[in-house]
Amino acid sequence: MNLKELLNKEQYEAVVTTEGPLLILAGAGSGKTRVLTYRIAHLINDLKVYPSQILAITFTNKAAGEMRERVKALVGDEADRMWVSTFHSSCVRILRREIDKLGYEKNFSIYDTSDQKTLIKQCMKELNINEKDIEDKEIIKKISRQKDNLISPEQFKTDNEKNYRMNKIADVYLLYQKKLKSNNALDFDDLIYKTVELFRKNPDVLEFYRRKFEYILVDEYQDTNKSQYEFSRILAESHKNICVVGDDDQCIYEFRGADIRNILDFEKDYPEAKVVKLEQNYRSVGNILDAANSVISNNTDRKSKVLRTDSEAGEKVKVYRAFSDIDEGNFVANQIKRMVEEGYSNSDFAVLYRTNAQSRIFEECFVRQSIPYKLVGGLGFYDRKEIKDILAYLRLIVNFHDDISLLRIINVPKRSIGNSTIDKMQEFANSIDDCLYNVILDIENVPGIARRSITSISKFAELINSLKAKKDMMSVSELLQAILDETGYVEELKNSNEIEYQSRSENIEQLISAAVEFENSSEDKSAEAFLETVALVAAVDSMDEKSGNVVLMTFHSAKGLEFPVVFMVGMENGLFPSSLAFNNDKEMEESRRLCYVGITRARKKLFMTSAEVRRVYGRTVGYEESEFLNEIPKELKEHLNGIGKSYNSYSGGQIESKRVTYNMNNEYNNTNSIKKTNYNNSIIVADLIKNDDVKSEVKNEVKSEVKKLTNSEATIGRKIKHAKFGIGTIISINKDGRDIKLTIAFDNMGIKTFLLGLAPLELL
DNA sequence: TACGCCCCAGTTTTT
DNA sequence: CTGGGGCGTA
């Protein structure tokens, strides 16, 4: 490899400095992934380091997979023997081999946030802590923070001896850890915490991994917390071959314990550290980069660094002040349609917002305009009730100490095992300090259980035992199928209403497919391994750039990604930055970094939109434009309407030609333009864009006019076909203004709502 | 024991 | 407005 030719001077420096601590300050889009992959390839190809001696930590599994592929392209399949994964996955991998040394069993469960909440509530109940005195949310947050900072329950208790309230929280922390252990379970924070504990308590184990991982790389170092910092520090302590890459301007996870000091103080921790700055940006056009630089320059606590680019200035940042949140959605949809006509493809676009709740309006607008999109994040697939239920069975089969999973499914489907019975069993389990599963096995000897319940419980125990026996003889997908068959889960679903049954059983099928896919693509095909990947997936992991969809996601999820065209929406004080951040300098700075992350995702075009009026929990609110917009100098911005420009300069010049030739819903129908002239420009433009909108829908309609669904044909139970979502059944009909609102259950796309007049529906 | 109704709280952001 | 949780009734 001729590295000098492939890399710029700083990148080259970063690649060939392989020995000793190295801090790479990599600005957004400065070719950091390139540097990391060449660095690894250089280690393997030129310095003959064994791939198995390399540990590379990335932020998401997706990033890990991509990095492995890129290294593979340079060094071949032996790259498979490197460890490239997230902190969490690496730690799980280590713990699966070593955790018995901490008194856990190797088949431990991983508890997600909702399991965690259940267990915390159990602890609070046992300690007689009233939800009204201390909220579970606060306790969860505090405990999580202690773990991030490697503070043990005992330590936390002594540190807060004088503080009654904190002392209570410490008691919960103590009990919570005790229960986790007896459930043979770890929460997310434990994965890191326990690995560090393992290293600290077992010098021989530590020594083994120190020798194994001769070269350590950590990406997104600015977002590491104390425990992650300690994990990498302790492993690198003897050889000090630690290379960390990060950008203090992109630290956006302080709220979950990330400590920006880890990057700011790297040189203090390693006085001999070499520092390389990558300031040449290869991603964004000049105007976008300048906008990003000017926004972030308002932050105080940062390493000085200015991104530069050789690329042209490009287009200015496009600012649009919408009339309403709906108008904002339509604006984005229209712009996308327009650009697609110009030759862009749907996967070139990303819509980024602050909170997941904001996605809904964009989804609705995109559906109406038939723009294919992919939602990243939000309510995840694995958060669905039916999926959690089925996985709870699997977890219990794998780890019978897991009371949380047992409690979740002991009466799902209904087996006539009620709360009072469960309470008695739990009390008994506590008294003999054993898990519920063992209590159930010996239910005859539990005092106070009704005869009838004993029968049901024995049947349940038999069921679990029969499934347990199958675990090692079947693949995960077969095992899941066996769970479904033997529990009668799907049978019970049939008793719920049709729609629910449809969508839930569909999801279950998807789970089976996911298991099959897992079996085909992964080395370790055990149920344990499947549960692990399921527990540690991030929202973006499922994102596929080649799918041809517009992506919708939060700014946080967009970290590390790039798109030709980015829409930053909801740029309003109160939303972004959120009202909670306003009186807090630290949070204000974190928000600003988040804004910086958003801007720097864009390569060619950047839109920043806001709305005069929007609905937030059913209430209508009005927010002004975000401060962050004001931090971008005028000469870098172009207003598409409102301030300083009339709508005439707006590109859609032919708008006035066809007005209201369509059966619009009354919101827009009754307003005439004369009345509207009295208001400001933005409203007029908003209105015109609406019409533009309608025009494009009229166009759509012409295409499919032959079979377009009519009012009389729209009846409950009718099968229809939607241009984008395929075949579905009408499940409800409501009058909505002048139009009719249809709720449709699609065979493959779940349940959606449409306006009959607007949706591209045809009779089947 | 199971279901249904009512009330309230929630929006940061996620492994 | 929505979903979850708690409580009361059949």
Side-chain angles (χ1 to χ4, degrees), chain A residues 57-64 85-92 110-114 116-118 121 131-132 135-137 140-141 144 147-148 186-193 220 223-225 227-228 251-258 352-361 376-380 382-385 411-423 450 452-453 456 495-496 532-541 553-559 570 574-582 584 587-588 590-591 593-595 597-598 614-621:
Chain A
I57 303 285
T58 57
F59 201 70
T60 60
N61 298 302
K62 184 170 183 280
S85 56
T86 62
F87 274 109
H88 293 268
S89 301
S90 304
C91 287
V92 169
I110 299 170
Y111 279 179
D112 67 14
T113 351
S114 76
Q116 184 180 35
K117 192 172 172 186
T118 312
K121 283 195 159 175
E131 184 81 30
K132 288 186 181 84
E135 277 186 287
D136 54 351
K137 276 173 59 184
I140 291 168
K141 213 172 151 185
S144 172
K147 292 187 184 180
D148 288 342
L186 304 188
D187 66 16
F188 285 136
D189 304 314
D190 274 345
L191 296 177
I192 321 280
Y193 181 104
E220 307 284 6
D223 280 318
T224 52
N225 61 33
S227 63
Q228 294 166 332
C251 173
I252 54 173
Y253 283 98
E254 267 181 338
F255 73 91
R256 74 167 196 217
L352 308 182
Y353 36 78
R354 183 66 234 277
T355 64
N356 281 306
Q358 287 168 259
S359 69
R360 202 166 137 180
I361 285 175
V376 173
L379 289 172
Y382 292 106
D383 294 330
R384 295 188 182 152
K385 184 187 176 301
N411 204 28
V412 179
K414 303 249 156 32
R415 303 186 172 89
S416 305
I417 303 173
N419 283 335
S420 59
T421 311
I422 291 171
D423 284 348
R452 238 181 52 205
S453 303
S456 327
N495 297 333
S496 56
E532 196 171 289
T533 54
V534 160
L536 299 178
V537 283
V540 283
D541 291 343
M553 64 181 135
T554 61
F555 289 112
H556 282 88
S557 291
K559 179 165 123 159
L575 264 186
F576 189 40
S578 100
S579 47
L580 299 163
F582 251 94
N584 181 329
E587 286 200 38
M588 227 14 225
E590 177 149 315
S591 295
R593 291 194 293 270
L594 191 57
C595 181
V597 167
R614 77 168 60 237
R615 288 178 79 84
V616 177
Y617 346 97
R619 203 161 270 288
T620 304
V621 296

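Labels below follow one simple rule: chain letters A, B, ... track the order of the sequence lines, proteins then strands, and each chain is numbered from 1.
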Side chain of [X] only, please: which of [options] is the nearest?
| X | options | value |
| --- | --- | --- |
| A:R360 | C:dT2, B:dA2, B:dT14 | C:dT2 |
| A:R452 | B:dT1, C:dT2, B:dT11 | B:dT1 |
| A:S453 | B:dT1, B:dA2, B:dT13 | B:dT1 |
| A:K137 | B:dG10, B:dT14, B:dT15 | B:dG10 |

A:Y253 and A:F59 aromatic ring geometry - parallel, tilted or perpendicular at 30°/60° bounds: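 Correct class here is tilted.
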First encountered from the 5' end of DNA chain B, between A:A357 and A:S416: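 Going by which nucleotide is closer to the 5' end, it is A:S416.
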5' precedence on DNA chain B between A:N411 and A:E135 (nearest-nucleotide basis):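 Closer to the 5' end of DNA chain B: A:N411.
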Give [X] one of three labels, base, sugar-phosphate or nothing, depending on what nucleic acid heavy atoms sit under 4.0 Å from its own.
| X | answer |
| --- | --- |
| A:Y253 | sugar-phosphate |
| A:D189 | nothing |
| A:S420 | sugar-phosphate |
| A:K559 | nothing |
| A:E587 | base |
| A:D187 | nothing |
| A:S578 | nothing |
| A:S591 | nothing |
| A:S89 | nothing |

Find the distance [X]:[atom1] to [N]:[atom2] and express it as a whole number of Å.
| X | N | atom1 | atom2 | result |
| --- | --- | --- | --- | --- |
| A:N356 | B:dT11 | CG | C1' | 10 Å |
| A:H88 | B:dT15 | NE2 | C1' | 4 Å |
| A:D136 | B:dG10 | CG | C1' | 13 Å |
| A:E220 | B:dT14 | CD | P | 15 Å |
| A:M588 | B:dT13 | CE | P | 18 Å |
| A:R619 | B:dG10 | CZ | P | 15 Å |
| A:L580 | B:dG10 | CG | P | 11 Å |
| A:K147 | B:dT15 | NZ | P | 18 Å |

Minimal non-hydrogen separation, A:G257 against A:N225, with atom names: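 Residues A:G257 and A:N225, closest heavy atoms: O-CB, 3.0 Å.
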Distance-minimising heavy-atom pair for A:L191 and A:C91: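 Result for this residue pair: O-CB, 3.3 Å.
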Using OP1 and OP2 only, check whether a side-chain N or O of [X] sits under 4.0 Å from [N].
| X | N | result |
| --- | --- | --- |
| A:T554 | B:dT14 | yes |
| A:T60 | B:dT15 | no |
| A:K414 | B:dC3 | yes |
| A:S557 | B:dT14 | yes |

A:T355-A:Q358 side chain donor-acceptor pair, cut-off 3.5 Å: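 Yes, because at least one side-chain N or O of A:T355 sits under 3.5 Å from a partner of the opposite role on A:Q358.
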Separation of the P atoms in C:dG4 and B:dT13, to the nearest angstrom: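 Rounded to whole Å, the distance is 16 Å.
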Within-4.5 Å side-chain heavy-atom neighbours: A:I110 and A:H88: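 A:I110 does not reach A:H88 side chain to side chain.
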Ring-base stacking, A:Y617 with C:dT2 (5.5 Å, 30° cut-offs):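 No, A:Y617 does not stack on the base of C:dT2.
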Point-to-point distance, once rounded to the nearest 0.5 Å, from NZ of A:K559 to CG of A:D223: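 CG of A:D223 is found 3.0 Å from NZ of A:K559.
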Donor-acceptor contact present, side-chain A:S456 to main-chain A:R452, <3.5 Å: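 Side chain of A:S456 to backbone of A:R452: a pair is present.
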